[in-house]
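Scroll down for the structure; my scribbles are underneath it.
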There are 2 protein chains.
Amino acid sequence: MLTTQRRALILQRLARDGQVIAGALAQELDLSEDTIRRDLRDMAAAGLLKRVHGGALPVDAPLPDLETRQAISTDVKKRLGRAAAQMVRAGQLIFLDGGTTNAEIVHALPREMPITIATHSPAIASLLEKHRAEVILIGGRLYKHSMVATGAAALAAIGMLRPDIFFLGATAAHPVHGLSTGDHEEAAIKRAIIGQSAETVTLLTDKKLDAVSPHHIAGISDMARMILPAGLGEDRIAPYRQSHVDIIEA
Amino acid sequence: MLTTQRRALILQRLARDGQVIAGALAQELDLSEDTIRRDLRDMAAAGLLKRVHGGALPVDAPLPDLETRQAISTDVKKRLGRAAAQMVRAGQLIFLDGGTTNAEIVHALPREMPITIATHSPAIASLLEKHRAEVILIGGRLYKHSMVATGAAALAAIGMLRPDIFFLGATAAHPVHGLSTGDHEEAAIKRAIIGQSAETVTLLTDKKLDAVSPHHIAGISDMARMILPAGLGEDRIAPYRQSHVDIIEA
DNA sequence: ATAAATCATGCAATATCGTGCAATGTCAAG
DNA sequence: CTTGACATTGCACGATATTGCATGATTTAT
């Protein structure tokens, strides 16, 4: 790779990710960190980026950029939640995964809609107090990181349900490596629900499109729908279309 | 995450939330509190924010608006909660009923105490996120009035536990008619837990001392302790002493 | 007054950085 | 083709930055 190409790549990554980490890029390109650092140093001198400890940030607006990024993130989650809520029909049994994205689904659901909602997240369950919906709470040992019930008890309870839709939330997804999550026990629960879901498994994801956790869940082939933020760009969405995933942009 | 990004995130949170809590941010970003504190200290020195005990505020904080706290529970309930928490020993299995009074028990429990807490209330379970305690969530159909799990699934899960203490909360009590609650299904759950409790059943009650619900639960004879607000007057307490109830005033 | 939470400080481990230097590659003049 | 100037790259090494932990002080809440 030519130096010019490499530096163009750095600018491209800055525009795409909003950051560049020296060590990671060096490993990815199989170069010494010195080379990357020299690039960053020279480009910073040329005003093309802002050098920080550990990498570089865009020169234009590092701080405001983060603000808008985060603000958009919550806005994205609300849009995803509304799109998901529109998939729900009266009388259905819905299973809600944990996480803030699925909390947005609850907020977007009409309070008077007669449905049944199952969840293994006490936080999600608590949000449903004002809803007419029948709520099935899946019990078990609470996994502290994401605060959802896990273990044999949870698996057994899940085995008695046939949800029409399973809203799988806030999990990393990759077109080749598949769905992934950070914890094995949590993954077992997700697999169990997916195995039970009679109709549709729907993944809501905002920004973690290409992320892969260390312990990824392979072999999830029946993922039928994926609700993604609009404006991602066809280049990032296309790989998922090839996996026969029904893409919904929100 | 780069240091610069983290500090930008702090400023963004300050703008969005009007405050930053050091411990919470450290946990969210999976960093030590020292790192966050160093950030806050340096940024305060740079005039980017105002350092306060526990976190930071925007530099342009208009007024010390400390009244944005959540609903403040009554003095009585806090006293009851503290008294109840003092009964808990390390290693025990505690079953917490639903209700705001038992939420105060959670608040009064030391976060580092190694215990196991079972509950059929998702609200109570959610409160335990910051605690070291192992949490067993009892699942089932959520009874909307009090938002606790009920039904056969809940009964089955309860049958597998032998709690050292069951904190029965916010239920009406009467020296003659016994404990009572407003709903049959909820009552069945309470009876089931009481039947399982190996050691002690403790009732926390503040004002409903002589109340009797239409469908009262009779035959609760193994109620060992009752935590009552101090200063009730012996005339109201005396009838309970005759039921061989261990009265604790808080 | 007492317990819990928070804080500041010092210290050690690790990561990152900058500089100097040698090895290699590029290229143009000879 | 050879040679030498120059650029690029990787490595070594000391300097600096960052982070986590331990400890005791301080603040807060009760």
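Order of the sequence lines fixes the chain letters, A, B, ..., with proteins taken first and strands second; residue numbering starts at 1 for each chain.
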Could you give the CG-to-C1' distance, from B:L25 to D:dT19, as a whole number of Å? 15 Å
Would you kindly give the CD-to-P distance between A:E33 and D:dC13, to the nearest whole Å? 17 Å
Output the rounded distance in Å from CG (B:L2) to P (C:dA15). 15 Å
Quick check on C:dC7: is either OP1 or OP2 less than 4.0 Å from any side-chain nitrogen or oxygen of B:R51? yes
Rounded interatomic separation in angstrom, taking NE2 from A:H53 and P from D:dT19: 8 Å
Write down the distance between CZ (B:R111) and C1' (C:dA3), rounded to a whole number of angstrom. 14 Å
Nearest to the side chain of A:S32, heavy atoms from C-beta on, is which of C:dC17, D:dG10, C:dC7? D:dG10
Side-chain ion pair, A:E129 and B:K144, N-O less than 4.0 Å: no
Which part of the nucleic acid, if any, lies within contact of B:G81, taking any heavy atom under 4.0 Å across all strands shown: a base, the sugar-phosphate backbone alone, or nothing? nothing
Donor-acceptor contact below 3.5 Å, side chain A:H107 vs main chain A:G81: no
Is it the case that the side chains of A:E186 and A:T150 hold a donor-acceptor pair, with the cut-off being a distance below 3.5 Å and no angle test? no
B:R89/B:D164 ion pair, N-O < 4.0 Å: no
Atom CG of A:D39 to atom C1' of D:dA7: distance rounded to whole Å? 13 Å
Should the side chain of A:R38 and the base of C:dG18 be counted as holding a donor-acceptor pair, with the cut-off at 3.5 Å? no
Can you see if the side chain of B:T3 gets near the phosphate of D:dT19 - specifically, an N or O under 4.0 Å from OP1 or OP2? yes
Can you tell me which nucleotide in C:dT16, C:dG18, D:dT19 comes closest to the side chain of A:R41? C:dG18
Using atom CD of B:E112 as one end and atom P of C:dA3 as the other, report the distance to the nearest whole Å. 17 Å
Taking B:L25 as the fixed residue, which of B:L40, B:D39, B:I36 is the one that meets the side chain to side chain contact (heavy atoms under 4.5 Å, CB included) rule? B:I36
Provide, to the nearest angstrom, the distance between the CD1 atom belonging to B:I36 and the P atom belonging to C:dC7. 11 Å
Side-chain donor/acceptor contact of A:D34 with base of C:dC17 under 3.5 Å: no
Does OP1 or OP2 of D:dT19 have a side-chain N or O of B:R6 closer than 4.0 Å? yes
N/O (side chain, B:T35) to phosphate O (OP1/OP2, D:dT18) under 4.0 Å: no
Looking at the side chain of A:L31, which of D:dT30, D:dT9, C:dT6 is the nearest nucleotide? D:dT9
